[in-house]
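First comes the structure, then the notes that go with it.
Each chain gets a letter, A, B and so on, in the order its sequence line appears, and its residues count up from 1. Computed from heavy atoms alone, side chains included, the values below leave out hydrogens, waters and symmetry copies.
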Number of protein chains: 4
Amino acid sequence: MLPTGEPKFKRRKADRPEEIVAAALEVFTDKGFAAARLDDIAAGAGVSKGAIYLYFATKEDIFRAVVEQNVAPNLDLVRQAVASHQGSFPALLRGLIGGLSHVVDESPAGAIVKIVIGEARNFPELARVWHDRLVAPALAAMSGAIAAAQARGELRAGDSRQYAVSLVAPLLMGVLWRETFTPIGAEPFDIPALAEQHVELWLRGVLAEPEAVR
Amino acid sequence: MLPTGEPKFKRRKADRPEEIVAAALEVFTDKGFAAARLDDIAAGAGVSKGAIYLYFATKEDIFRAVVEQNVAPNLDLVRQAVASHQGSFPALLRGLIGGLSHVVDESPAGAIVKIVIGEARNFPELARVWHDRLVAPALAAMSGAIAAAQARGELRAGDSRQYAVSLVAPLLMGVLWRETFTPIGAEPFDIPALAEQHVELWLRGVLAEPEAVR
Amino acid sequence: MLPTGEPKFKRRKADRPEEIVAAALEVFTDKGFAAARLDDIAAGAGVSKGAIYLYFATKEDIFRAVVEQNVAPNLDLVRQAVASHQGSFPALLRGLIGGLSHVVDESPAGAIVKIVIGEARNFPELARVWHDRLVAPALAAMSGAIAAAQARGELRAGDSRQYAVSLVAPLLMGVLWRETFTPIGAEPFDIPALAEQHVELWLRGVLAEPEAVR
Amino acid sequence: MLPTGEPKFKRRKADRPEEIVAAALEVFTDKGFAAARLDDIAAGAGVSKGAIYLYFATKEDIFRAVVEQNVAPNLDLVRQAVASHQGSFPALLRGLIGGLSHVVDESPAGAIVKIVIGEARNFPELARVWHDRLVAPALAAMSGAIAAAQARGELRAGDSRQYAVSLVAPLLMGVLWRETFTPIGAEPFDIPALAEQHVELWLRGVLAEPEAVR
DNA sequence: TATGAATGAGTTTTCATTCAT
DNA sequence: CATGAATGAAAACTCATTCAT
């Protein structure tokens, strides 16, 4: 049942900022920050150009909102992925990477990653936000889990941070491939499938007793 | 008596284009295409703004030159890396990835990768050039080698193209990390070391008889 | 209390294009197309430079608008001049040329003529518009009327198109004199008087029975 | 037999200024002053751009030379046309206008006329040169001859200066038509034929005893 | 003299931001 | 709150002019 009272053709003003950010995400992903035009964002959000300035002081502010708004959800996703899986280390990892692969495959996270990479030099404070609040913690969590497993004797010796990179890099590459080469007709990757095969590879490569791996 | 100091005019037609492209690479890497200013490129090349237009018709042309000029050298590097290593499949791979890790660590290739990712939507024809002439062939070569090794029974079953991604993705991540997060003070990665540990991981994960791996 | 003075922003969308075209006519007449500066047009129209681009995509577009907007009015003037006069052929002609002489003397038509002549090579499509929609039809109409009068035996034999040129050329010369030499202090011409004397000359020169001419 | 000593592929330096002016005439006629490019003039003259500055200080100077160099020859032509014909007033006129019609039909005079009209506002001193040294004297000479004939009773009463305009205007129109509308495919005029028919018209229209006209 | 690469001031055009409505 | 016309500060690009060769 629809909520009554509000005519559906009249958008709630409270929704405006989100709609603008959503439209901005699309335009920024498409064009990058500098080439994005406020007109396009306004049109995408179904709003006048002037209205944007009721919610955001500058174009940079919109950009900041786009990038920052996607830190928290992604952080939550990582946390949930970690928390929601019990059991053995391999099982945990399968769940984590499998979950992440679906997240990056379906959420705007992939697009945001591309934006952050492309604009890190022009917006270092945003790169820092993403690094400090999402990427570094996530990497640290994985490195920590790996190191713990190494300490338990489950994993081989080696640099745990590098092992973490070995683990997640294909997800990054899959996402960037989708953003970069798929639009021009390149053969796409099935990111969940890629992730699945890669986790097994990784486990065999790092487990102290790889025979145990399926 | 000769006038001292810097003459206002310098004639160096032959060198100019390269100098401009080199300066442009830096500015484009730093700012992206749209935010790059001709003034900055000119200043970087030690040339007046007008002089640039003696060699390039538009800003886009400079950009194209930057991206295209870096396809061939990189392709050559990949070819050499493949060709210069003999021996067993593991040895070949160690040589290839080790070589590549040094290339991306030291050449402007990493910066170009970032540029291509960031501007692929605005310059699809450049994304296509990079894909068709460099990325796709390189990936195909690796997939082919992997598939051949699988056929020989040296490697486990699995999607060879995905295995190739599993192999090279950490290099890409290392490069992008350097471009994105190292400038803001993040802990850097030692790309050759990362590559070395990763190859061993990969080999253990894919070889049919992993015990053989060191 | 109302704020006094000139507000920085004025909203007059409906009037703007005409104001810009009017200002542009003046500047183009004065300087020609290439030497005309958008700043001058903007200043003449009491508008910022950017505002022009709300209504015209390029400087050329403004020029086109100036030239094309003056085809239709002039065509109408010719038509009216032809239509509004009855009576004998001499009376018709006196009315037509007399009317035209006032038109070119008072409307911007004269200035436009100068512009079209000066820019015909750079804007051939505009020369074509002026030729096809105004000059050629008008000339054809006169030639036709002359030929008809010749067929009736009222006029002497001779090339009717050339007779038409003989008839209107002094008007053209009068206008161009005004645009070219009067501004530098040359003795001006009284175009209507010139036209009046010329029509009588022409009639005596072409009528089969010139005695009848006043 | 060719003059010896000078290889024909090596132009005499003394000719350079004229070659440049000749090339400039063409370019200025084609594009107008502002849109004319020194590169084009240099290319047309078979000279480097820098060489032009050995003979002319500025682009304006070249333009001045083009316009001024064509005053004297044309003045001479008018003088000769007037001087070379004896006999009755009608015969004189037939000779004069007939001669002029060939001059404007074949010499660059027509192109210069167009240039002077188009650039009179930007180069008032050139318009003045043309007016004071060529157009006004020529018009005065004709007016004077007409007034004298009127005093002799050969011509009807009327404004002699206006009669002069009635006489020469078709030549002007013929030339401008050629410059303006013929290039876009308009039906051209045979200027000498036009002139011939017009002179007879004019004579019949102005002679006190038109029966005498052929 | 002659060349043409190089300069830099000037012009068109864009677009984030403002503000009258 | 919302609109979108208007502003004005960039920024790409042009080309007359200069000058090292």
Contact under 4.0 Å: D:Arg16 side-chain N or O vs E:dA2 OP1/OP2: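 So the side-chain polar atoms of D:Arg16 do come within 4.0 Å of the phosphate oxygens OP1 or OP2 of E:dA2, strictly under.
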From CZ (D:Arg64) to CD (D:Glu125), nearest 0.5 Å: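 The distance works out to 4.5 Å.
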D:Phe56: ring pair (Phe, Tyr, Trp, His ring centres under 6.0 Å) partners, not counting sequence neighbours: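 None.
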Beyond-backbone contact of C:Glu19 with C:Arg16, side-chain heavy atoms, under 4.5 angstrom: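 Sidechains of C:Arg16 and C:Glu19: in contact.
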Side chain B:Arg121, main chain A:Glu179, donor-acceptor under 3.5 Å: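 Yes, because the side chain of B:Arg121 sits within donor-acceptor range (under 3.5 Å) of the backbone of A:Glu179.
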D:Lys114 side chain vs D:Thr180 backbone, donor-acceptor pair below 3.5 Å: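 No, the answer is negative, given that no donor and acceptor are paired below the 3.5 Å cut-off.
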Among F:dA6, E:dG8, E:dT1, the one nearest B:Ser48 by side-chain distance: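 Nucleotide nearest to B:Ser48's side chain: E:dG8.
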Euclidean distance, atom [atom1] of residue [X] to atom [atom2] of [N] [Å, nearest integer]:
X	N	atom1	atom2	result
C:Ile62	E:dT13	CD1	C1'	11 Å
C:Lys31	E:dG10	NZ	P	15 Å
A:Ile52	F:dC1	CD1	C1'	15 Å
D:Phe63	F:dA16	CZ	C1'	16 Å
D:Leu54	E:dG4	CG	P	13 Å

Base versus backbone protein contacts along nucleotides 9-15 of chain F [heavy-atom cut-off under 4.0 Å; B, S, -]: --SSBBS
Nucleotide forming a Watson-Crick or wobble pair with F:dT21, both distances under 3.5 Å: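 F:dT21 is paired with E:dA2.
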Identified side chain to side chain contact (heavy atoms under 4.5 Å, CB included) partner of A:Ile62 from the options A:Phe28, A:Tyr55, A:Phe33: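 With A:Ile62 as partner, side chain to side chain contact (heavy atoms under 4.5 Å, CB included) holds for just one option, A:Phe28.
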